[in-house]
Structures are given as C-alpha cells and as structure tokens.
K.L.:
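I'd like to ask you about the structure that follows.
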Amino acid sequence: MITEALIRQHGLKPDEYERFRKLIGREPTLTELGIVSAMWNEHCSYKSSKKWLRTLPTTGPCVIQGPGENAGVIDIGDGDAIVFKMESHNHPSFIEPYQGAATGVGGILRDVFTMGARPIAALNALRFGAPDHPRTRRLVAGVVAGIGGYGNSFGVPTVGGEVNFHPRYNGNILVNAMAVGLARTDAIFYSKAKGVGLPVVYLGAKTGRDGIHGATMASAAFAGDAEEKRPTVQVGDPFTEKCLLEACLELMASGAVIAIQDMGAAGLTCSAVEMGAKGDLGIELELDRVPCREDGMTAYEMMLSESQERMLMVLRPEKAAEAEAIFRKWGLDFAIVGHTTDDLRFRVRHMGEVEADLPIKELGDQAPEYDRPWLKPRHPAPLDLDDIRPPNDLSHAILMLMGSPDLSSRRWVFEQYDHVIGANTAQLPGGDAAVVRIRHDKGIALSVDVTPRYVEADPFEGSKQAVAECWRNLTAVGALPLAITDNLNFGNPERPEIMGQLVMSLNGIGEACRALAFPVVSGNVSLYNETSGISILPTPTIGGVGLIADLSRMATLPFKREGDAILLIGPHGQHLGQSLYLREIHGREDGPPPPVDLVQEKRHGDFVRRQIGLGVLTAVHDISDGGLVACLCEMALAGNLGCRIDLPRAFGHAELFGEDQARYVATCRPEQVEAIILAAKAAGVPASWIGSVTGNAVAILGLATVPLTQLRSAHEGWFPAFMAGEI
Amino acid sequence: MKSAVIVFPGINRDRDMAMALARFTGRAPQMVWQTETELAPDLDLVVLPGGFSYGDYLRCGAIAARAPVMAAVRDAARRGVKVLGVCNGFQILIEAGLLPGALMRNASLHFVCRRVHLRVENNETFLTRKLGRGDIVQAPVAHGDGNYFAEPATLRALEDEGRVVFRYVDGTNPNGSINDIAGIINRDGNVIGLMPHPENMIEGLHGRTDCAPLFESLVSA
Amino acid sequence: MKARITITLKNGVLDPQGKAIEGALHALGFAEVANVRQGKLIELDIPTADDAAARNQLKDMCEKLLANTVIENYNIEIR
Amino acid sequence: MKARITITLKNGVLDPQGKAIEGALHALGFAEVANVRQGKLIELDIPTADDAAARNQLKDMCEKLLANTVIENYNIEIR
Ligand SMILES: Nc1ncnc2c1ncn2[C@@H]1O[C@H](COP(=O)(O)OP(=O)(O)O)[C@@H](O)[C@H]1O
Ligand SMILES: [Mg+2]
C-alpha cells in the first residue's frame with residue numbers, strides 16, 4: 001500500500017507520483033516506486049537542468065561523442081581517442097569522507113573504462129569549509145586519503161586538482177573527480193542495447209545493501225528485521241575495480257560486447273533502463289540470478305543497491321562462454337540475469353513474482369523535465385579603489401598571501417597521490433596543467449578550474465572565467481585546448497535565486513566555450529548542496545583537455561636561468577574586485593569579479609602558444625589568484641631562483657595583485673625580448689619587459705623584497721601545519 | 001638477455017617495468033600470470049613489479065607470496081637466476097622468505113609519492129655494477145608500506161655482509177625504515193628488493209634519468 | 001589496567017579484505033572456510049582501578065577516534 | 001563453528017599505527033593512555049564440530065598465511 005509518507009520518503013512530489021500512476025494506470029508496487037524514484041530524481045534525470053544543458057555547445061571537429069554517454073570522447077589523431085568525464089560525490093564524502101571520496105573515484109573511472117578506454121590520468125576538485133570549522137580537518141584528511149587509497153591501488157596517476165576552503169562549504173563539501181582514458185577511435189563502446197532476445201549479463205562484484213537511499217529505512221519495515229536491513233555506506237574495493245578493468249578490456253577485445261553500462265547511481269535500475277531505452281528495446285530481468293552478498297535481499301533492495309564495481313552488458317550469445325572464462329580468470333562474478341525484448345517494457349521478476357512492469361522510455365530518456373522559475377542575479381556594486389589602502393608592509397602582505405589557505409602549496413595533498421605511475425607523467429602536480437604522454441612526442445594537458453567567489457559575485461562572468469582559466473592553463477603549457485567536461489555544483493534549484501545562478505552560469509559556460517572553440521562533451525550536475533538554508537558558493541567546475549603535438553616543446557613554469565628576462569603578456573592589472581588579495585589582506589569579499597573579454601583571451605593565448613611552439617619562451621605561467629605577485633612567487637619558488645621586478649614607480653597594489661584576465665608571465669633569453677615584443681605588437685597583444693630572473697629573493701624594486709627561504713616556509717608551511725593541528 | 005615479469009591480480013606497475021625492460025634489453029619481457037607453475041628454463045631475470053597485488057589486503061604481498069607461480073620463482077632463485085622485486089615486488093619477496101625482515105606501514109601512516117635520494121652502498125650487485133659505491137641517485141617512491149624492519153641479528157648480518165644495496169640519504173627517508181634502508185640483497189647475491197621505482201626515472205620525460213644505470217647494470221650482468 | 005578493543009565492520013558493510021583473505025584460504029586448500037571478516041584490535045593501558053570509569057573513557061575514545069561508527073561496531077574488554 | 005583469530009605484533013617490533021593512535025588519543029585529552037598497540041582480528045566460520053581438528057586447521061592457516069610469524073604472534077579462540 002503506497003502511502004503519502006512513502007511517496008515523500010522516495011523524494012517524489014505529489015504531482016510526479018500522480019503522473020506516474022496515470023502512466024501505468026494503477027497503483028505501483030513498492031519496487032516500482034523505488035525504481036521510478038531513482039529514475040526521476042535529479043541525479044539521474046537532470047529534470048531541473050536539462051533544458052539549460054541543451055544550450056551548451058557540444059560539437060566540434062574533434063568531438064566523437066558528446067554528452068549522453070558514460071563519458072565524452074574526442075579524437076586526438078593517429079586513431080587515438082581521449083575519453084573523459086567529471087562527476088561529484090559530495091554528500092557521501094561528507095557522511096564518510098574516506099569511502100565517499102574513494103567510491104567517487106571508482107565511479108568515474110568506471111564511466112571511462114566502460115567505453116573501452118584504459119584510464120591514464122585522474123584529477124580532483126575539492127572544496128572544504130573554513131579551516132577553523134571543527135569538521136574541516138577530519139574531512140580533508142579522509143577525502144584525500146580516500147582519493148589516494150582508491151586511485152593508487154587501481155593504478156591510475158592522479159596528476160592534478162584544486163583545493164579551496166570557504167565557510168559556505170561548512171555543511172556541504174564538494175568532491176568532484178575527473179577521469180581520463182585512452183582508447184582507439186574504432187573501438188569505443190556504448191550503452192545503447194541492440195538486438196532482441198540477447199542475454200543481459202551482470203559482471204563484477206556481488207550485490208549487497210550498500211547505499212540504498214534513505215527510502216529503504218521505511219521499506220525495511222516491509223522486509224522486517226530493520227537492524228539487519230539498515231542501508232549501509234558504500235565501501236570501495238579498488239582491487240576488484242582493477243580486476244574489472246582488465247576483464248572488461250579483455251572482453252571488449254574478444255568482440256563479445258554489444259553494449260555495456262556501468263552500475264552507478266541506483267545501479268541495476270539505471271543501467272538496465274538506460275541500455276534499453278537508448279536502444280528502443282525492452283529489458284526483462286530475473287533477479288533470482290543476481291549474485292548477492294547478503295541473504296534475503298528483496299527485489300526492491302537489489303534494484304536500488306549501489307554496490308560498487310559492477311557492470312551490465314549485452315553480449316553476443318555465441319561468445320558467452322568465452323566471456324565467462326575471462327571473468328572467472330579475474331575472480332569476478334558473471335551471471336546472465338535477463339534478456340532484451342521488443343515490447344519496450346522494463347519487467348523485473350523475483351521468486352516467481354513480477355515485481356515491476358513499466359514502460360521503459362518514460363522511465364529513461366522521456367523522464368519529466370522542468371522549466372523552474374529563476375531570478376536574474378543582481379550585479380555587485382563596483383569597488384571604489386580609493387577606499388582600499390595599500391598595505392604599509394608589502395613584503396609581509398606577500399608572505400601572508402602566499403601562505404594563505406587557498407594559495408599555499410598543496411604538496412601535503414598530492415604527495416599522497418601516486419602521480420608517476422604509468423611512466424608517462426610529463427608534468428607533475430604544481431604546474432599550470434598536468435601533462436601525460438600518449439606515445440612518442442604526443443601528449444595531452446589536463447586542468448580543472450573554477451573560482452567560486454567570482455561565480456557567487458556574478459554567475460555569468462564567473463562561469464566564463466572558469467572556462468577561460470581552464471583554457472589558459474592548458475595554453476600555458478603549450479597545449480591546444482580541445483574540449484571540456486563540467487561538474488555543476490549548486491544549491492536548491494527550487495529557489496529561484498539558485499536556479500538563476502544555474503541558468504546564468506550555463507549561459508556563461510556556453511558563451512565562453514563557443515568563443516574559445518572548447519565544446520562540452522560530458523559533465524555532471526549536483527544540486528541541493530544546501531544545509532539549513534545555507535547553500536554552497538555556486539561551483540561549476542571545468543575540466544579541460546588539450547593536445548601537445550610535440551612534448552619537447554612543452555612549457556613549464558619554474559624560472560630556469562639567472563639572467564632570463566621576464567615579460568608580462570597582457571595588460572597591467574587594475575581589477576581588485578573579488579581578488580584573493582582583497583580577501584586575505586583586507587578581509588573583504590566584494591566587488592565584481594574580473595571581466596572576461598573572450599576575444600582578447602583567445603588572442604593573447606594563441607600568441608603565447610605560438611611563441612611556446614617556436615621555443616623562444618623558457619618559462620610560462622598564467623596570472624590568476626593573487627595576481628602578478630603570486631605568479632612571480634610561484635615561478636621563483638618552483639625554479640629556486642629569485643627575480644628583480646622593475647615596475648613604473650606609479651604602480652600600486654592593483655597592478656601587483658589585480659586578477660585581470662588573459663594574462664601570462666613568461667621568461668626568455670634577454671636577446672629575444674625585442675623580437676617577442678615586436679611579434680606581440682604585430683599580433684595586437686600587449687607585452688612588456690618587467691624584470692629579470694636573478695638572486696634568491698623576489699624583489700619588487702622600491703616596494704618589497706622577500707627572500708625565497710621565507711617565501712618557501714610560508715608557502716609550504718600552511719598545509720602541513722594545519723593538518724597537524726598547529727593552526 | 002631474457003626477462004620475465006610476474007603478474008598478479010592488482011599489480012599495476014607491470015607495464016611500466018615491461019616498458020623499461022624492453023627499452024634497455026631490446027626485447028619485451030615475458031608477462032607471466034600468477035597461476036603458471038613453470039618459468040622458461042633460459043631466463044636471465046625475473047622481475048616482481050610494483051602495485052597492489054590482491055589489493056594489499058591482509059599484509060602487502062602476503063597473498064601473492066603464496067600464489068602458485070612463486071614456487072617456480074623460488075626455484076629459479078635457487079638455480080641462481082636473478083630476481084628483482086620493486087615496491088610491492090619487494091614486499092612479496094619478503095613475504096615469500098626470499099629476503100629477510102619485514103616492510104611495515106610508513107611511519108607517517110600516509111602513502112607517499114615523491115623523489116628520494118639514494119646512496120649506492122654496494123655497487124657489486126647485478127643492479128648497481130654500473131654505478132660507483134657512494135654514488136647518490138634520485139628515484140621516485142610511491143608506497144604506503146615501505147618502513148623496513150628487521151630484528152637486531154638480521155640487521156647486523158645485512159650491514160656486516162654489505163647486503164644493504166641502497167640507503168635513503170639527505171634526510172629523504174620517506175617511511176621511517178630502520179637504518180634508512182631502501183633496498184637489500186640476499187646472501188647468494190641474486191635476489192634484490194627495493195622500495196623506490198627505478199622504472200619511473202629513466203628518460204627525459206621523467207625529468208631525470210638517474211635510474212638508467214640500474215637497468216644498464218641488469219643488461220650487462 | 002589493560003584494555004582490549006575490537007573493532008568490526010557493521011553487518012552488511014562490504015569487507016574487501018575479508019573477501020580476499022577467504023579467496024586466498026580457499027586457494028591454499030582450506031576449502032570450507034566461510035564468512036571471513038577482518039577487523040581491528042587495539043590494546044592499551046589505562047591507569048585507573050575503577051572499572052566503570054575506565055569503560056566510560058574507552059567508550060569515549062572509540063566514539064571520538066578509534067572506531068568509525070558510520071561503518072564499524074566496537075567492543076570493549078577490560079582485564 | 002565460529003573462530004576468532006587475533007594477530008598482534010611481537011614485542012620489540014615497532015608499531016607505527018599504535019604510536020600514531022597513542023599520539024592522537026593524547027591530543028584528544030586522554031593523556032594517561034599508554035602502550036597502545038594495534039593488531040588484527042579475523043573472524044571466520046569453519047564447518048567442523050571437532051574442536052581439536054578445527055584448532056589444528058586454524059593454526060595451519062595462521063602459519064601459512066594469516067600471520068607473518070617474523071613479526072607477529074597469533075591467538076586462536078573458538079566458540
Ligand atoms: N553539466 C553537464 N554538462 C554536460 N553534460 C552533462 C552535464 N551533466 C551531465 N551531463 C551528461 O549527462 C549524462 C548523464 O550524466 P551522469 O548521470 O552523471 O552520467 P553517469 O550516469 O554515467 O554517472 C552524461 O553523458 C553526462 O556527460
Ligand atoms: Mg556511468
């Protein structure tokens with residue numbers, strides 16, 4: 001008997017339930033209610049965001065597969081394809097940081113190798129609450145250990161990421177994981193089922209009561225013995241996932257696979273429905289054949305279990321035996337649990353009963369879709385530069401900035417990730433973008449970026465900026481940016497002001513992607529990141545992939561040689577609104593974010609990439625958080641070489657710390673300066689000599705001198721001290 | 001020279017090692033699955049690569065050390081075939097009793113991936129003959145259980161008999177291992193285990209090539 | 001006094017270690033072994049003669065640090 | 001029957017985990033806790049009614065796999 005309470009516990013709105021009841025013309029069974037609640041929830045159906053996701057540019061010369069599959073696929077030439085996607089595991093990571101983050105990594109790796117790609121790199125974007133919030137330290141420790149624990153054991157290099165702290169994440173941390181895989185363009189696998197009467201095969205780990213959503217609390221009452229049936233946290237098993245990867249790739253090579261879909265959210269339900277609906281086929285499941293880890297599991301539990309390391313496939317019948325042998329070799333379960341039908345029904349049998357019999361299209365690709373009301377965000381008042389006094393001790397301000405939570409070194413984090421496995425890592429964490437070799441001289445560059453304080457202040461400009469910064473980071477290592485994945489983390493879309501952030505953010509992403517020829521090929525939306533009325537900073541994380549044709553020409557950011565000239569490419573800074581300097585030194589988070597002129601961004605970036613290609617630049621770094629000064633400090637620390645910066649006397653803190661966009665710092669041999677500045681002028685790009693690489697301090701003439709030793713201890717010191725509880 | 005790389009489920013640096021061996025020996029190594037009970041009779045070198053065999057569950061290397069193929073590896077070692085264990089491979093050799101001591105949890109309790117400095121303590125081994133005694137090379141480590149331990153008697157024997165091959169120096173000991181031990185060799189001089197990953201520092205792409213001489217030593221041996 | 005705390009995974013929580021150990025035991029010929037689960041054991045000295053007081057302190061330690069009560073149960077023995 | 005195997009580090013073998021846990025407990029204000037050691041707990045079912053036979057089998061499992069007798073002691077309980 002389906003009560004209103006039960007409907008509520010399943011997260012269905014009364015009208016949604018009505019719609020469903022009409023659709024099937026009767027009261028659903030509990031299992032059917034569970035199935036529809038899984039298929040029609042925000043996570044699987046994208047009902048609030050779909051309308052706006054459609055506005056994103058998703059095509060381009062390099063795009064093989066855009067949004068709609070487990071991951072996006074792009075062509076990088078020579079028959080090589082890059083398969084990549086980013087996904088969030090925010091809530092589970094807040095409940096149980098280690099397992100939540102670990103299973104997040106496991107899930108996104110599966111999305112990538114489900115398509116026939118061997119994962120070659122992983123990245124992650126993490127947002128935590130204020131450092132002084134009582135939960136933060138424990139969450140950081142658990143999440144970082146979980147990401148490393150899974151990726152290291154699975155055997156993928158974790159090559160990059162982001163970590164930010166802000167009180168607005170106190171009650172909702174963000175764990176966004178990105179995986180990147182390498183496949184052959186002629187051997188990509190899809191989830192669309194083909195052919196009637198073919199076996200549907202279950203592969204991988206056994207099914208337990210892991211992560212069945214809160215609703216089972218209620219349903220357990222039906223099953224009796226609540227304690228035993230309590231839904232449990234999903235635990236990751238990277239060992240099984242590694243075996244699953246090898247078994248899947250072996251199986252795909254054998255030609256047995258017609259369609260394949262990993263079991264992620266609402267495992268068996270989502271995967272089966274997606275395969276059928278996409279292929280315009282029905283699916284019939286025999287739950288008695290599902291390998292279970294626990295006794296007495298109900299149909300409801302099996303359909304909603306989120307046990308990890310599982311796959312569903314449609315196989316060529318004649319190859320079933322061969323397929324089974326491969327999975328046994330890897331110690332994995334293999335069971336034929338159903339078959340495809342031509343009646344477009346999703347039928348589920350268990351112990352002789354039909355537990356569910358539903359129209360598959362309406363569950364899947366024809367799920368409900370909303371056009372939620374939204375409010376255009378107000379533009380922040382411009383900042384009055386005159387009421388910001390420059391610090392009287394600039395050197396001290398620089399040390400404070402470089403040792404601040406958001407700008408300090410992330411070594412404590414990335415040293416817990418194996419970033420060299422694979423023997424192809426060409427640029428370690430700490431650079432503008434990670435670089436991984438594909439083969440010979442060909443490599444790809446990877447970066448994840450977003451500056452949530454910008455997006456909060458202006459969702460449209462801030463989201464343009466996220467895309468632009470990702471594009472800039474790829475450019476700064478010499479890569480040609482190709483495509484992105486995105487992970488949209490927002491609050492409750494039923495609130496018009498939040499929906500407004502989402503809409504404007506997607507407009508901004510779309511505009512930037514079009515202007516920079518940087519299409520979106522995959523992504524994920526995480527909404528309702530909100531606790532007791534306080535929602536997170538809007539955080540549309542952008543994960544970009546770029547191509548480096550000749551790794552011998554790759555650029556890196558450390559200062560290389562005493563005497564090298566330092567050039568500023570792009571205009572001098574003047575915008576302090578929402579800058580890190582304003583927040584860390586003046587304790588103010590206000591003003592508009594730096595505006596993004598996409599035409600200028602492209603012009604300047606293309607120029608820098610060309611110069612890198614010519615091999616005349618000895619170091620390159622883009623200017624972002626902390627402005628020119630932070631950029632110089634990072635280049636100096638990385639190269640263990642100081643610099644002498646000679647700016648016009650008139651310059652003040654806006655020139656030093658402004659976060660104006662489309663800017664880079666580059667170094668070259670002194671004799672090259674003239675030629676480069678001329679080339680820049682010809683290309684319509686501002687470029688100016690600002691100083692030289694020299695000594696063992698960052699010296700800004702007449703303003704500040706900071707010895708590298710002091711700078712290093714400030715920069716390297718914060719994270720370990722924080723984690724040790726000394727701060 | 002003819003080499004084989006032993007593969008257990010969960011091993012994940014097998015490809016790195018195969019690439020490195022192919023690069024220096026000029027031929028791809030045989031990849032041998034853990035259920036094999038025999039190795040090719042004419043092998044010069046058997047490598048147990050790094051990774052997380054059986055997920056490092058129970059104890060690192062414990063389950064792999066009891067896999068069928070290990071009887072054949074023991075046999076080869078007895079016949080004098082050179083055996084090299086890297087990281088998880090080192091842990092497996094210890095669990096299999098082919099090398100003494102134990103590898104425990106890093107003192108920091110954290111997995112650690114960074115470059116360390118190694119001093120060559122013994123350059124008369126099949127892995128170090130192309131290096132000088134006292135030479136210092138850099139190499140990456142990537143492990144959570146590299147904290148070498150041995151009871152006093154064993155430790156004394158290792159030190160007195162010059163069977164410590166590599167020692168962490170310049171304060172780069174990443175795991176708290178006793179006497180800064182990073183790698184050791186057996187009495188017969190044909191079985192070596194070490195925690196660092198030489199296969200990840202042999203070409204320009206890796207930033208440095210410090211570990212190329214280790215592979216050149218293998219080949220010349 | 002000496003205390004001994006055993007920490008075990010809650011019922012139904014996946015135990016990859018136990019699974020792997022069971023597999024290894026089977027491979028070694030202990031074919032009938034079943035339901036292998038791995039847990040933690042923590043032994044420590046706590047300088048109080050008062051049983052009840054000790055028990056409370058230990059409970060506190062488990063809740064605050066030793067056990068991850070989201071997925072683990074703990075049990076305290078004093079001797 | 002059900003068996004329970006506890007595996008502990010031999011005296012003199014350093015125990016980084018135990019040390020770290022002790023440090024953390026002190027930091028949490030449990031200042032007097034001392035000699036913290038961490039071990040393993042393995043529980044399993046073994047289908048024999050014969051106590052002695054079971055014990056032998058379990059001893060065998062410990063020697064062959066479950067314990068690393070270079071650094072660990074084991075103890076078998078049957079119930
Ligand atoms: N923000 C987004 N931008 C572009 N594509 C998206 C976005 N969010 C989701 N998608 C696409 O929608 C499909 C379903 O997303 P998701 O449910 O996260 O995939 P999965 O079920 O494999 O986890 C995927 O192809 C994904 O790439
Ligand atoms: Mg998926």
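Every chain is numbered from 1, with letters handed out A, B, ... down the list of sequences.
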K.L.:
One thing to verify: whether Arg66(B) and Glu95(B) come together as a salt bridge, which I'm taking to mean a side-chain N less than 4.0 angstrom from a carboxylate O.
P.N.:
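A salt bridge is present here (some side-chain N lies under 4.0 Å from a carboxylate O).
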K.L.:
Under a 4.5 Å heavy-atom cutoff, which of Val70(D), Ile71(D), Asp15(D) has the most pairs with chain B?
P.N.:
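Of the candidates given, the most pairs with chain B belong to Ile71(D).
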K.L.:
Distance check, rounded to the nearest 0.5 Å: Lys59(D) atom NZ versus Lys64(D) atom NZ?
P.N.:
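Nearest 0.5 Å value for the NZ-NZ distance: 11.0 Å.
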K.L.:
Non-hydrogen atoms of chain D under 4.5 Å away: do they reach the side chain of Asn147(B), the backbone, both or neither?
P.N.:
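Asn147(B) touches chain D through side-chain heavy atoms alone.
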K.L.:
For the interface with chain B, which of Ile42(D), Asn68(D), Leu14(D), Leu66(D) has the highest count of heavy-atom pairs at distances below 4.5 Å?
P.N.:
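It is Asn68(D).
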K.L.:
Could you verify whether a donor N or O on one side chain and an acceptor N or O on the other, from Asp16(B) and His197(B), lie under 3.5 Å apart?
P.N.:
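No, His197(B) and Asp16(B) have no side-chain donor paired with an acceptor closer than 3.5 Å.
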K.L.:
Between the side chains of Lys40(D) and Glu72(D), is the shortest nitrogen-to-carboxylate-oxygen separation below 4.0 Å, so that they form an ion pair?
P.N.:
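Yes, charged N to carboxylate O under 4.0 Å.
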K.L.:
When rounded to the nearest 0.5 angstrom, what is the spacing between CG in Leu158(B) and CD1 in Ile185(B)?
P.N.:
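Reported value, rounded in 0.5 Å steps: 11.0 Å.
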K.L.:
Taking side chain as everything from C-beta outward and backbone as N, CA, C, O, which of these in Ile7(D) sits under 4.5 Å from a heavy atom of chain B? Side chain, backbone, both or neither.
P.N.:
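Contact with chain B: none, neither part.
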K.L.:
For Leu58(B), is it the side chain, the backbone, both, or neither that has a heavy atom closer than 4.5 Å to a heavy atom of chain D?
P.N.:
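Contact with chain D is through both the backbone and side chain of Leu58(B).
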